2 protein chains.
Amino acid sequence: MSTKRDQIITTTCQLMETQGYHATGLNQILAESGAPKGSLYHYFPDGKDGLVEEAIAHTRQTIEARLREGMAAYENPAQAIPNFLRSLAHHVQASGFESGGPITAVALEAASTNERLNAACRAAYQAWQKVIEQKLLDSGYETVRARRLGTLVIAIIEGATILSRSERNVGPLLDAALELEALL
Amino acid sequence: MSTKRDQIITTTCQLMETQGYHATGLNQILAESGAPKGSLYHYFPDGKDGLVEEAIAHTRQTIEARLREGMAAYENPAQAIPNFLRSLAHHVQASGFESGGPITAVALEAASTNERLNAACRAAYQAWQKVIEQKLLDSGYETVRARRLGTLVIAIIEGATILSRSERNVGPLLDAALELEALL
DNA sequence: GTCTATAATACGATAGAC
DNA sequence: GTCTATCGTATTATAGAC
């Protein structure tokens, strides 16, 4: 597990988040990670798709851990979930609205044109939904509704992040947090 | 107002919806709209960005009209809004999950890198939010909450559409419709 | 094994023929 | 005015020097 390999993946994660798949060239990834071009195909023989697939998997685990942390911070999901959205709003604002929705752009670009990357994104979304769902189940929510709310919460996070980045204003994320308090 | 010009815009709208900005080349737009390359720069002297800007504006108006129609279909927003999401689910499924979220991909790609297109997307989102907000105001919702819910509804539509397309399953959109009934 | 130089291709944009 | 052929520059991927 080379450090340079990790650096390439980390850089890829960042660029996927801010620009998406097609807008990000391998040259840019290499320039920002400080790696030469040949080493990319040494570490990632499948080329761009293999690299991005790993980057998505990496992001999936990072966010999954952050979600678990956020859910564990409060016993009541009606506190834990809205506060997670608020911490997310902080993160988006601190990045100058360049971060947020770490795989959303890729998910949409790949949805109809690249089944390999689409599968990676789908796996990430389902994992994240499951964290929310489990928190709700542990707090006594009924099975069907817990799953439904798990899906909805991830959808709201995605959608509100898009609006916040587009408007350069964390209002949508904070609004969503408030309404989730009413719903949960 | 040439018919061929409109055809180029219509094709661009479709491709932006399914693939996004960077994945869509001018060659593909021309091939699918049946126009030769030279005419593109005749009709759109600003090049790709000018064309896509117009396409976003066109989409904005299409969706705005569809939203108004949906809101007018029921007096109670607690019926109108969830049913709009259900009709959207139909639309997404009928397209084989290739349509849905007509400007989402572009919005994310442009958010941090192309202020011109970002502005066009922001304008569209705000227009759509306003339609929901107005419907809620007309039904007696308080000013602040109407605006907050307008934002949330658009966010939910965006997020649930992403999940539905990624999972190739309209479940997320239908789940969101159900929970919105509980919230409104 | 690690990297540089280069190939093959697609891109957006333009010049110039009709 | 309408379009075809081409330009310069990106892209991804690879071949081959160290």
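Naming convention: chains lettered A, B, ... in sequence-line order (proteins, then strands); numbering from 1 in each chain. Just so you know, these numbers come straight off a predicted model, no measurement behind them.
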Inset, instruction - Would you please confirm or rule out a distance under 4.0 Å between OP1 or OP2 of C:dG12 and any side-chain N or O of B:Lys48? - result: yes
Legend entry - SB check A:Arg122 A:Glu115 (cutoff 4.0 Å): yes
Inset, instruction - Report which part of the nucleic acid A:Asn27 touches: base, sugar-phosphate, or nothing (heavy-atom distance under 4.0 Å, all strands). - result: base
Inset, instruction - For the side chain of A:Leu26, starting at C-beta, report the closest nucleotide among D:dT12, C:dT4, C:dA13. - result: D:dT12
Inset, instruction - Using only side-chain N and O atoms of A:His42, determine if any of them is under 4.0 Å from OP1 or OP2 of C:dT2. - result: yes
Legend entry - Distance test, side-chain N/O of B:Tyr41 to OP1/OP2 of C:dA13, below 4.0 Å: yes
Legend entry - Residues, nucleotides or ligands: over 12 heavy atoms within 6.0 Å of B:Arg147 CZ: no
Legend entry - Spacing between B:Phe44 atom CZ and C:dG12 atom P, to the nearest angstrom: 15 Å
Legend entry - Closest approach of A:Glu158 to A:Tyr125 (non-hydrogen atoms, all atoms of both residues): OE1-OH, 3.1 Å
Inset, instruction - Let me know the distance between NZ of B:Lys4 and C1' of D:dG1, rounded to the nearest Å. - result: 13 Å
Legend entry - Check: A:Ile29 and A:Lys37 side chains under 4.5 Å, non-hydrogen atoms: no
Legend entry - Rounded interatomic separation in angstrom, taking CG from A:Leu40 and C1' from C:dG1: 16 Å
Inset, instruction - List in numerical order all residues of residues 105-119 of chain B for which some heavy atom is under 4.0 Å away from an atom belonging to DNA chain C. - result: none
Legend entry - Nearest-Å distance for atom pair OH/P, residues A:Tyr43 and D:dT14: 19 Å
Legend entry - B:Tyr21 OH to C:dC11 C1', straight-line distance once rounded to whole Å: 11 Å
Inset, instruction - Select one nucleotide: of C:dT6, D:dT6, D:dC3, the one nearest the side-chain heavy atoms of B:Lys37. - result: D:dT6
Legend entry - Stacked cation flag A:Lys135 on A:Tyr74, 6.0 angstrom / 45 deg: no
Inset, instruction - Would you indicate whether A:Gln28, at its atom CD, is surrounded by more than 12 heavy atoms from other residues, nucleotides or ligands within a distance under 6.0 Å? - result: yes
Inset, instruction - Whole angstrom is fine here: how far is it from CG in B:Leu30 over to P in C:dA13? - result: 12 Å
Legend entry - Atom-pair distance (NE2 on A:His22; P on C:dG12), nearest Å: 11 Å
Inset, instruction - Would you mind reporting whether A:Val153 and A:Phe84 have side-chain heavy atoms less than 4.5 Å apart? - result: no
Inset, instruction - Take the protein atom CG of A:Asp46 and the nucleotide atom P of D:dA13, then report the distance between them rounded to whole Å. - result: 10 Å
